[in-house]
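Read through the structure below, which is laid out as structure tokens, and then see the notes.
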Amino acid sequence: MRSWGKSSEDMRCKCVCPPYRNITGQIYKKNVSQKDCNCLHVVEPMPVPGSDVEAYCLLCECKYEERSTTTIKVIIIIYLSVVGALLLYMAFLVLVDPLIRKPDAYTQPLHNEEENEDARSLAAAPTPSGVRANTVLERVEGAQQRWKRQVQEQRKTVFDRHKMLS
Amino acid sequence: MDFLDEPFPDVGTYEDFHTIDWLREKSRDTDRHRKITSKSKESIWEFIKSLLDAWSGWVVMLLIGLKAGTLAGVIDLAVDWMTDLKEGVCLSAFWYSHEQCCWTSNETTFDDRVKCPQWQKWSELLVGQSEGASAYILNYFLYIMWALCFAFLAVSLVRVFAPYACGSGIPEIKTILSGFIIRGYLGKWTLLIKTVTLVLVVSSGLSLGKEGPLVHVACCCGNFFSSRFSKYSKNEGKRREVLSAAAAAGVSVAFGAPIGGVLFSLEEVSYYFPLKTLWRSFFAALVAAFTLRSINPFGNSRLVLFYVEYHTPWYMAELFPFILLGVFGGLWGTLFIRCNIAWCRRRKTTRLGKYPVLEVIAVTAITAIIAYPNPYTRRSTSELISELFNDCGALESSQLCDYINDPNMTRPVDDIPDRPAGPGVYTAMWQLALALVFKIVITIFTFGMKIPSGLFIPSMAVGAIAGRMVGIGVEQLAYHHHDWIIFRKWCRPGADCVTPGLYAMVGAAACLGGVTRMTVSLVVIMFELTGGLEYIVPLMAAAVTSKWVADAFGKEGIYEAHIHLNGYPFLDVKDEFTHRTLATDVMRPRRGEAPLSVLTQDSMTVEDVETLIKETDYNGFPVVVSKDSERLIGFAQRRELILAIKNARQRQDGVVSNSIVYFTEDPPELPPNSPHPLKLRRILNLSPFTVTDHTPMETVVDIFRKLGLRQCLVTRSGRLLGIITKKDVLRHMAQMANQDPESIMFN
């Protein structure tokens with residue numbers, strides 16, 4: 001993880017110096033290697049005269065820190081694209097799909113409990129392996145329908161019947 | 001060769017909302033193992049295959065650890081960014097959070113650690129003002145808008161793609177691990193949607209945490225990988241061992257506490273936890289923590305935001321306030337569980353439950369409106385906890401550390417004496433008090449909404465706020481009254497004797513303990529967060545006190561309470577059954593009911609069996625010698641019967657409706673013109689568990705719990721009287737506890 005994309009922005013030595021005599025607290029950051037990460041190298045310009053440097057530096061705390069800007073960038077962009085894709089698919093399922101497929105169970109209201117049971121057994125039943133879809137498209141279509149039924153079943157359990165997760 | 005020697009493809013799988021038979025799964029695994037061992041001597045290839053099989057457990061753990069760690073890293077980074085998106089944006093690179101944006105900037109000051117020109121608040125960006133009323137109102141408005149937007153997105157994604165992704169998931173996982181089947185609960189879509197929406201809801205500023213859902217996410221990973229290996233995919237018992245380990249990996253990355261994760265899995269989630277699983281959990285937790293560490297989401301080489309490190313000692317007299325915090329934790333736990341369950345019951349039974357989306361929007365709006373004006377509730381809860389845990393050294397500049405310093409102080413950094421509180425501390429105190437009340441109330445309404453929501457973080461926040469306030473109180477008391485007899489011994493003027501951060505930590509542990517009733521794993525998690533062995537005693541004292549206090553008001557923790565509320569068939573190992581009832585009181589059929597549906601060993605035809613299957617919906621049928629003698633022979637599972645008959649009708653010539661079904665070893669010689677018999681000895685379980693009718697229910701419940709039975713037959717002097725299923729046991733227990741026995745969920 002560290003080897004790729006290690007730019008100058010990926011490491012810092014941060015020294016926090018508390019208020020001392022009449023000098024206010026200061027924060028110093030510098031791009032130095034781990035072994036140089038101490039007050040003497042990082043605190044520049046030194047706010048105190050030479051004789052006080054040692055006492056001042058004793059108060060400061062220096063920490064070497066690393067991060068990976070590439071990881072952050074990649075992860076945030078991937079996350080955003082996943083959310084975007086899900087949003088598009090959601091919009092498709094909610095808005096466009098019911099228009100294409102009119103008599104879809106997806107939008108039909110529940111009529112009675114009996115129908116519910118039917119839907120459940122349908123969702124639970126394994127797909128018959130004997131019936132093979134011809135094209136890839138049909139198979140994808142079938143898988144999507146099966147998935148939709150499962151989600152619908154889950155939705156009924158959780159949101160309508162309040163059987164679970166309430 | 002008899003066709004029945006080959007196993008059926010579908011045998012051994014269960015239907016949705018059914019419980020598994022642990023004994024059967026275990027014996028199936030032993031059979032499988034024996035077969036592989038005997039085969040491995042045949043050829044070098046088989047030997048390699050057996051080696052691979054033996055290793056597959058560890059490989060699954062490795063994969064789970066890698067995936068759970070990666071997902072936790074993604075969640076942490078994305079939450080960090082999106083939380084700050086509510087307030088502003090980084091102009092140099094939009095994917096940086098506030099802190100990352102000013103990471104290298106030299107314009108940060110001691111008082112304002114994260115202020116730099118690259119980071120622009122929305123008001124600065126839109127109207128060019130950073131101060132003033134109009135800028136405040138604009139920021140306030142946009143904060144609420146972003147929060148609403150995230151929450152709405154989350155609840156719609158959950159509703160459209162994966163309804164099972166809502167909630168914390170731990171009650172359901174506990175139930176699944178105890179042997180219940182919920183199809184799709186650990187599926188790929190649940191995994192995806194839970195991960196994505198978790199980021200959204202945490203960033204929206206709702207009073208919830210990511211820790212519980214991370215356990216669910218890790219279990220989904222576990223399920224994903226275990227279905228790739230035949231050893232686990234075909235055996236529900238073995239799969240649950242993997243899931244136990246995955247839960248450990250989840251907590252490991254949630255708190256950066258690998259050992260705490262293993263203990264959490266053992267104490268809180270798992271049902272069946274053999275030593276082998278312990279080692280595997282340990283490995284999975286290790287890999288997960290290591291993966292997260294290499295992603296380094298917080299840029300501080302730590303796995304959690306609120307990692308603290310201090311080594312100031314504590315004194316015996318401080319145990320008193322620690323125990324008080326324990327009492328507070330217990331009371332909070334009781335209050336939270338009672339109110340939350342009452343609210344969730346309302347949601348489950350009244351019209352309120354019909355508007356899940358509206359509810360989420362309303363709660364988010366209220367949270368955002370109240371949270372923004374108070375600086376302690378505006379920031380993310382993890383950051384709040386992190387600040388409360390922190391010790392006020394000379395390097396701290398926050399409001400909480402606004403003490404009045406002695407101007408000629410020249411001590412080294414880490415030994416600062418107790419100081420009088422400055423105005424900032426007093427302001428912080430009342431702001432914290434408001435934040436405490438707000439958190440307590442809003443968490444009750446947030447947990448259980450139809451979005452992923454954990455309650456570790458809000459509970460810890462409540463405890464940390466209370467603890468910090470008590471800590472500051474004790475500190476000031478000690479500073480101003482050195483001469484009191486309790487302080488004279490250990491707190492001389494100019495000594496650093498009270499660490500408020502430690503009180504916050506103890507308070508957090510106590511509140512978490514009060515809600516979840518964890519003890520050992522809780523202390524270990526807290527101890528791993530601090531890396532200081534010296535605080536184990538205060539944490540233990542607080543955890544135990546809070547458990548005592550909370551147990552005095554009600555025996556069950558929040559997860560058990562939710563399990564009961566939803567009526568999941570969960571047989572708790574921790575419960576005691578103390579009623580003096582007998583097996584004969586619980587078994588079916590009851591007096592006056594129709595007799596038990598049984599199969600006979602050599603007199604029923606295929607048609608009879610099919611009618612029996614069609615007319616009843618029992619999961620299995622006892623097999624007896626004959627209807628008259630009722631002597632028990634074995635037990636046949638419904639599913640296997642159906643498959644066996646279907647297979648026989650399809651493949652074996654001569655099996656027709658009139659064929660006799662034989663469960664005996666050798667069917668007698670039949671006259672030549674009779675139809676071909678159907679031999680079903682193979683699917684017969686010859687060692688069904690039996691008890692006599694006078695066995696006390698105490699023993700029966702124990703057998704069900706410890707062996708994970710699905711059903712148990714009741715006999716008297718070898719004659720079959722009835723059957724007790726797990727459902728009957730659970731209903732009986734509910735009845736004994738004065739609850740509605742019909743609320744137990746079963747298909």
Side-chain angles (χ1 to χ4, degrees), chain A residues 1-2 8-9 11-12 14 16-21 24-31 55 58-61 63 65-69 71-80 82-83 86-87 89-90 93-94 120 123-124 126 147 150-151 153-160 162-166, chain B residues 10 15-16 73-74 77-78 81 93-96 100 103-106 108-111 113 153 156-157 159-164 166-167 172 182-184 189 192-193 196 199-200 294-296 299-301 344 347-349 353 356 393-395 397 405 410 412-413 448 450 565-568 745:
Chain A
M1 206 60 71
R2 288 194 195 162
S8 64
E9 283 197 320
M11 49 188 186
R12 70 173 177 185
K14 181 180 167 188
V16 184
C17 296
Y20 177 76
R21 304 257 160 96
T24 53
Q26 294 288 336
I27 291 185
Y28 301 92
K29 287 174 194 164
K30 209 172 171 189
N31 187 0
L58 259 180
L59 294 174
C60 297
E61 193 184 60
K63 241 191 245 161
E65 288 177 330
E66 266 184 43
R67 65 170 179 177
S68 167
T69 43
T71 311
I72 296 174
K73 185 170 151 187
V74 169
I75 283 181
I76 296 293
I77 290 175
I78 289 178
Y79 178 77
L80 284 181
V82 169
V83 172
L86 282 174
L87 273 180
Y89 191 34
M90 183 164 79
L93 282 183
V94 175
R120 189 195 314 162
W147 170 74
Q150 280 166 11
V151 174
E153 202 42 46
Q154 291 185 13
R155 203 175 301 131
K156 270 186 211 149
T157 313
V158 175
F159 286 97
D160 301 333
H162 296 283
K163 206 163 133 189
M164 269 179 69
L165 288 159
S166 40
Chain B
D10 259 3
E15 275 166 41
D16 206 0
V74 169
L77 278 172
W81 175 69
F94 77 92
W95 53 85
Y96 283 159
Q100 301 292 346
W103 210 69
T104 45
S105 163
N106 275 326
T108 51
T109 59
F110 185 76
D111 292 321
R113 300 277 166 99
L153 212 59
S156 346
L157 285 176
R159 205 185 145 83
V160 171
F161 291 119
Y164 280 174
C166 64
E172 286 75 23
I182 308 178
R183 295 233 177 275
W189 274 96
L192 175 69
I193 295 299
V196 168
V199 174
L200 290 167
S294 62
I295 293 176
N296 194 8
N300 59 1
S301 311
C344 286
R347 186 187 290 131
K348 193 181 170 83
T349 50
L395 303 171
S397 66
N405 279 313
T410 50
V413 179
K450 295 282 180 273
L565 175 73
N566 284 310
Y568 298 141
M745 180 165 99

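Labels below follow one simple rule: chain letters A, B, ... track the order of the sequence lines, proteins then strands, and each chain is numbered from 1.
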Any side-chain heavy atom of W189(B) sitting closer than 4.5 Å to one from Y164(B)?
no
Measure the shortest side-chain to side-chain distance between W81(B) and Q100(B) over non-hydrogen atoms and say whether it is less than 4.5 angstrom.
no
So, does K29(A) use its side chain to make a donor-acceptor pair with the main chain of S105(B) at under 3.5 Å?
yes
Check each atom of L86(A) against the heavy atoms of chain B and say whether the ones under 4.5 Å are side chain, backbone, both or neither.
both
Heavy-atom distances under 4.5 Å only: say whether Q154(A) touches chain B with side chain, backbone, both or neither.
both
L87(A) side chain reached by L153(B) side chain, heavy atoms, under 4.5 Å
yes
Under a 4.5 Å heavy-atom cut-off, does chain A meet the side chain of T349(B), its backbone, both or neither?
neither
Under 3.5 Å donor-acceptor, R155(A) side chain and V160(B) backbone
yes
Residue pair T71(A) / I295(B), side-chain heavy-atom distance below 4.5 Å:
yes
Against chain A, label L200(B) side chain, backbone, both or neither, depending on which of its atoms sit under 4.5 Å from a heavy atom there.
both
Where does Y79(A) contact chain B at under 4.5 Å (heavy atoms): side chain, backbone, both or neither?
side chain
Between I78(A) and chain B, with a heavy-atom cut-off of 4.5 Å, which part of the residue counts as in contact: side chain, backbone, both or neither?
neither
Answer with side chain, backbone, both or neither: which region of F161(B) has an atom nearer than 4.5 Å to a non-hydrogen atom of chain A?
both
So which of V82(A), V16(A), I77(A) has the biggest tally of heavy-atom pairs under 4.5 Å with chain B?
V16(A)
